[in-house]
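These notes concern the structure reproduced below.
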Amino acid sequence: MELCKANSQLEQQILQVNPLLEAFGNAQTVMNDNSSRFGKYIQLRFQNSSVKGAKINEYLLEKSRVVHQDEGEQNFHIFYFMLAGISKEDKEIYGLLDPTRYRCLNGRFGQEDMVQAWRVKYAEVCNAMDMVGFEEQEKVDMMTILAGILSLGNITFETTDSDALKVSEASRGWLKATAGQFGVQEEDLLKSLTCTTSVTRGEAIQRLHNQQQAEDARDSIAKVAYGRVFGWIVSKINEQLAPKVDCDVELNEIGILDIFGFENFAVNRFEQLCINLANEQLQYFFNHHIFLMEQKEYKEEGITWETITYKDNKPILDLFLTKPIGILSLLDEQSAFPQATDRDFVDKLNSKFKTAPNFEVVRNHTPLFTIVHYAGKVQYNASGFLEKNRDTIPANIRELFINSVTPLLSVLFAATISRTGTLMPRKAKVQVADDNFNSTRKQSVGAQFKHSLAVLMEKMFAAGPHFVRCIKPNRSKQPDQIDSKLVMDQLRYNGLMETIRIRRDGFSWRPSFKEFAERYNILLLKPDLPLDKSSCMSILNSTELSGWKCGSSRLFFKYWHQEELARLLERLGRAALVIQKNYRARICRRKFLSLLAEIRRQRQAQREREEREEREEEEQRRQQLEDERKRRLELEQENLRPASPPVPLPRKKKPEPRPRSVMSIVPKSPHLAPVPRPRSKLIEATPFDNELNASLMLQPIDEERMKEKHLKKTNTIRWFKETQVRKLTRDGGFPSWFHGMISRRQAEDLLIDKPLGCFLVRVGQSREGYTLTFRGADRCRHYMVEMQSNGKYVILGEDRAHSSLPDLVQYHTTVGIKPFMELLTLPCGQMCDQEPDYEELKAFTLSSSSSSEAAERPDDDQDMGSHKVHLQMQRLFLPPGGSSNPESHKPPVLKRISDRRRRIEAAPMEHKDDNPTGESRPFPRLYPSIRLAMREIQQIHQQSPDQIQVSSGKALSSWKRTDA
């Protein structure tokens with residue numbers, strides 16, 4: 001999938017946002033296995049057809065699903081993905097046990113095939129977080145908080161003889177685990193659950209909770225914690241995807257609204273009320289854009305039009321949003337009274353709206369009322385409306401979490417909430433007394449949702465919308481089955497039947513006079529045609545079109561008029577092709593004839609030249625024969641003379657041999673530099689040869705440019721030494737495919753004679769990153785490898801991040817690199833005819849130890865590799881004054897811990913004591929407390945597995961732990 005033509009890493013980050021948000025915001029319902037339990041509005045910002053940034057607004061997350069799900073439904077996906085995908089060792093770190101033990105999951109888990117699918121989804125979620133830019137510590141803190149929410153749901157309460165509450169013995173281990181996962185003290189957490197502390201005239205007053213209030217406080221903490229984690233994820237995504245351009249640069253924008261559809265369940269609660277209100281608002285916008293605006297334009301332009309009637313839902317919106325007697329206003333009014341109940345709220349609605357046509361009174365002992373929506377009647381159960389609308393937690397609980405040792409939890413509860421309900425994190429901790437965001441002055445959920453809905457509608461009315469309507473084919477969630485009645489009902493109440501009619505009878509294309517004249521003035525075959533109404537009428541009168549209308553400022557056409565005009569333009573286009581063909585043929589024939597005459601002239605001149613040369617050659621042959629005849633006559637006369645005796649010649653002196661010392665002073669021929677071989681077809685540029693810049697190659701050498709280039713190279717060397725050497729070394733040596741800082745040409749020279757699939761990795765010369773050079777079928781390709789802000793490595797254009805460079809190489813030995821899906825098969829070793837250029841790195845890293853290396857080189861270095869250059873690379877990045885023994889410069893983390901399993905099984909307590917620098921993977925802050933709590937829970941379940949019950953009192957036999 002591609003967002004735009006530009007192949008940028010930002011595009012891949014945006015594409016990874018959707019699976020990440022779906023994991024935390026989607027859940028299985030009776031209507032849909034992947035139902036969105038929140039709304040989102042994505043703003044994509046473009047410049048010159050390339051994406052420059054994105055922003056996400058989220059609306060109304062269904063937080064109550066964290067603690068309660070109806071029959072046939074599940075919690076949010078992330079809990080199942082996490083429990084299925086996390087390894088056994090990591091479950092021990094986070095404090096996770098068998099999934100069937102958790103009350104928040106109703107004691108149920110999936111079958112083996114479903115668990116396997118969840119495991120794959122969890123890997124995708126982790127990769128998405130790496131791609132977007134989440135830090136490792138943030139991911140660990142987030143997973144620890146999710147584990148704490150699961151543990152918190154298993155805490156149950158029981159009364160004592162003094163009517164005070166205490167945690168049941170069976171759930172005391174869960175309390176300890178929750179406290180460790182949230183990073184707070186166990187006593188403080190218990191106190192926050194069982195009593196409320198208020199300050200009156202400087203005196204602290206404690207009010208004890210009853211069992212229902214304690215359970216409500218427990219569920220409230222779980223809902224608020226999950227909601228703020230979700231809000232923080234959206235905030236983090238917006239921070240990473242913000243456009244990195246100047247403020248004065250104008251960007252184009254495309255907005256995509258993905259929001260929940262109309263819902264009518266067996267039991268409809270506060271969330272369904274808000275969801276259906278949002279759908280009412282969107283339906284009103286749809287009606288306004290399709291019917292009201294279009295028909296209003298017809299009347300303003302003076303077009304004769306028969307008004308199409310449609311179902312206007314404005315009275316339903318007034319029923320919800322009118323002040324001060326709308327449903328949401330009355331809900332806020334009742335929420336302000338601490339003693340008000342849900343029954344009082346329903347009685348208020350019945351008294352105010354009993355005569356309203358869209359409201360129906362329900363006589364029942366439970367607080368029920370019915371709203372007649374545009375899609376049908378929906379009966380709402382008002383139980384919990386006031387508490388969900390308040391959405392408050394006691395001040396002592398908030399203060400407790402602000403002071404948590406888990407950094408992320410502290411940030412979440414110190415954050416402020418905007419008028420639209422958006423989380424705005426703050427880095428610094430603040431005191432509750434100085435905070436302007438407390439439970440007494442906080443906006444209600446209904447007020448936040450109403451304000452965010454108004455902001456969304458303002459954006460949509462200012463844009464040009466396109467609508468995508470989703471139709472559900474059946475209620476059984478089965479493929480290839482269509483319920484005709486269900487489909488027709490959806491088409492009818494969505495207003496699509498009226499939409500089809502207005503598109504058929506109306507004028508779908510409405511260009512202005514100027515636009516029409518500019519596009520179709522060619523039909524009159526007149527140059528310099530004025531762009532006004534008269535020209536448009538002349539154009540249309542020259543055609544045979546009918547059914548169009550002319551307004552005061554624009555023309556009105558049916559949908560098929562564009563096709564007719566396009567055919568007329570196509571006819572003229574064919575005629576223009578014939579004219580061009582004949583004109584070009586005439587021009588070409590003239591050129592051909594002139595060329596033919598020139599060729600004939602040249603041939604005549606060639607013939608004359610050849611004849612002249614033949615005559616000269618004949619004259620030369622004749623002269624040669626005459627000379628030969630004279631020479632023969634002279635020889636014959638010489639032979640006729642008498643013979644004389646031969647006279648002996650004097651004997652020459654034999655030269656004496658020179659001494660050997662003379663040979664040594666003979667000057668030698670100077671050694672000529674090797675001539676570089678020409679570049680072959682393998683070196684041609686492709687769109688993935690990222691560093692090739694032909695314009696720079698053609699520029700003359702500039703001293704300033706050379707200084708800048710040298711400075712970039714020096715900075716890159718420093719970056720490599722300080723941040724990358726220890727990540728790249730394995731057992732004190734570099735991988736065979738790593739070739740240091742070599743140029744593009746040197747890399748191609750190394751691979752030109754190698755087999756297909758050979759590769760090497762080199763350090764970028766002008767940027768902090770790497771380049772992977774690959775021997776392709778017809779040329780060498782260069783892929784840029786970037787290191788993200790969270791320390792992950794990714795090939796630009798790929799959708800997967802890696803924790804290290806060797807992991808990236810190992811992954812692409814089995815998965816091809818896009819878009820050609822090329823596999824890395826053979827690493828290019830260090831043995832080559834031309835030694836790669838490592839002098840820059842050597843001079844920077846061995847400035848103080850180059851003289852001592854030769855004397856202190858141990859014999860063990862011979863075992864690190866048989867190649868001369870490879871041994872040189874091993875000694876290249878030693879610290880000044882260090883030896884070349886692999887164990888002497890091995891990173892401290894590698895000396896202590898070889899892999900994660902050894903770290904967990906052999907030294908579980910070393911993470912805090914032996915790794916103060918934090919070079920290994922991060923852990924929860926109170927990991928020892930979590931570990932002890934898990935052991936206590938397992939011991940309790942081993943002693944009395946049949947006594948474990950959910951807080952509702954229903955025994956779940958599936959909660960028995962068999963592998964404890």
Side-chain angles (χ1 to χ4, degrees), residues 1 9 11-28 33-38 40 42 54 56 58 61-62 65-66 74-91 93-94 96 99 102 104-105 109-110 113-150 181 225-241 258 408 412 788-794 798-803 807 811 815 921-922 924:
M1 180 179 179
Q9 195 58 28
E11 176 187 347
Q12 291 297 331
Q13 289 179 312
I14 295 174
L15 293 176
Q16 293 297 320
V17 165
N18 195 56
L20 177 59
L21 292 181
E22 283 191 354
F24 284 86
N26 287 24
Q28 176 182 323
D33 288 344
N34 189 31
S35 175
S36 296
R37 309 318 302 159
F38 74 106
K40 64 176 177 288
I42 305 176
I56 298 175
E58 52 96 6
L61 178 69
E62 190 183 13
R65 183 170 292 271
V66 176
Q74 290 183 354
N75 211 320
F76 290 104
H77 290 329
I78 186 60
F79 292 109
Y80 303 94
F81 296 170
M82 180 177 63
L83 291 169
I86 288 181
S87 63
K88 187 176 180 180
E89 293 80 8
D90 285 349
K91 284 183 178 179
I93 293 173
Y94 295 124
L96 294 172
Y102 293 107
C104 292
L105 305 181
F109 207 56
D113 55 344
M114 185 62 67
V115 172
Q116 182 62 31
W118 289 341
R119 191 174 292 117
V120 174
K121 288 290 186 180
Y122 179 74
E124 294 177 358
V125 170
C126 291
N127 178 68
M129 287 191 285
D130 291 338
M131 289 289 295
V132 173
F134 285 77
E135 302 287 344
E136 282 297 325
Q137 185 63 57
E138 293 173 341
K139 291 166 56 180
V140 169
D141 289 347
M142 181 169 54
M143 293 302 172
T144 307
I145 293 173
L146 295 180
I149 292 173
L150 292 176
Q181 290 157 339
Y226 189 84
R228 298 208 172 189
V229 167
F230 186 80
W232 172 79
I233 291 174
V234 175
S235 175
K236 181 76 174 180
I237 290 173
N238 290 335
E239 177 185 345
Q240 297 294 325
L241 302 184
D258 180 12
L408 179 58
L412 296 182
Q788 300 188 144
S789 59
N790 57 359
K792 303 297 181 180
Y793 298 85
V794 62
E798 287 287 321
D799 57 358
R800 186 177 181 87
H802 307 270
S803 58
D807 291 344
Y811 174 78
V815 179
R921 57 157 295 176

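Worth knowing before you read on, the calculation uses all heavy atoms, side chains too, and leaves out hydrogens, waters and symmetry mates.
- Put simply, the side chain of Glu58 never gets that close to the backbone of Gly231: no donor and acceptor are under 3.5 Å apart.
- For the residue pair Gln788 and Gln9, the shortest heavy atom distance occurs at OE1-NE2, 4.1 Å.
- A ring-centre distance under 6.0 Å is not found for Phe79 and Tyr102.
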Lys792 and Glu136: CA distance, side-chain angles, deciding distance, salt bridge (charged side-chain N to carboxylate O under 4.0 Å, His left out) verdict: CA-CA 10 Å; Lys792 303 297 181 180; Glu136 282 297 325; 2.5 Å; yes
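- Distance check, rounded to the nearest 0.5 Å: OG1 of Thr144 to CD of Gln137 gives 8.0 Å.
- Judged by distance alone, with hydrogens and angles left aside, the side-chain atoms of Asp258 form no donor-acceptor pair with the main-chain N or O of Lys40 at under 3.5 Å.
- Across Tyr94 and Pro924, no two heavy atoms sit closer than the pair CD2-CG, 4.2 Å.
- Annotation for Lys121: atom NZ does not count as buried by contact number, only 12 or fewer foreign heavy atoms lying within 6.0 Å.
- Checked by atom type and distance alone, the side chain of Asn790 pairs as donor or acceptor with a backbone atom of Asp130 at under 3.5 Å.
- Note that the CD atom of Glu124 and the CE atom of Met131 stand 13.0 Å from one another [nearest 0.5 Å].
- A pairwise comparison of heavy atoms in Leu21 and Phe230 identifies O-CE1, 4.1 Å as the closest pair.
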Could you check Tyr793 against Tyr811 for ring-ring contact (aromatic ring centres under 6.0 Å, His included), going step by step and ending with a plain yes or no? CA-CA 12 Å; Tyr793 298 85; Tyr811 174 78; over 10 Å; no
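- Looking only at distances, no side-chain donor or acceptor of Asn26 sits under 3.5 Å from a matching main-chain atom of Pro19.
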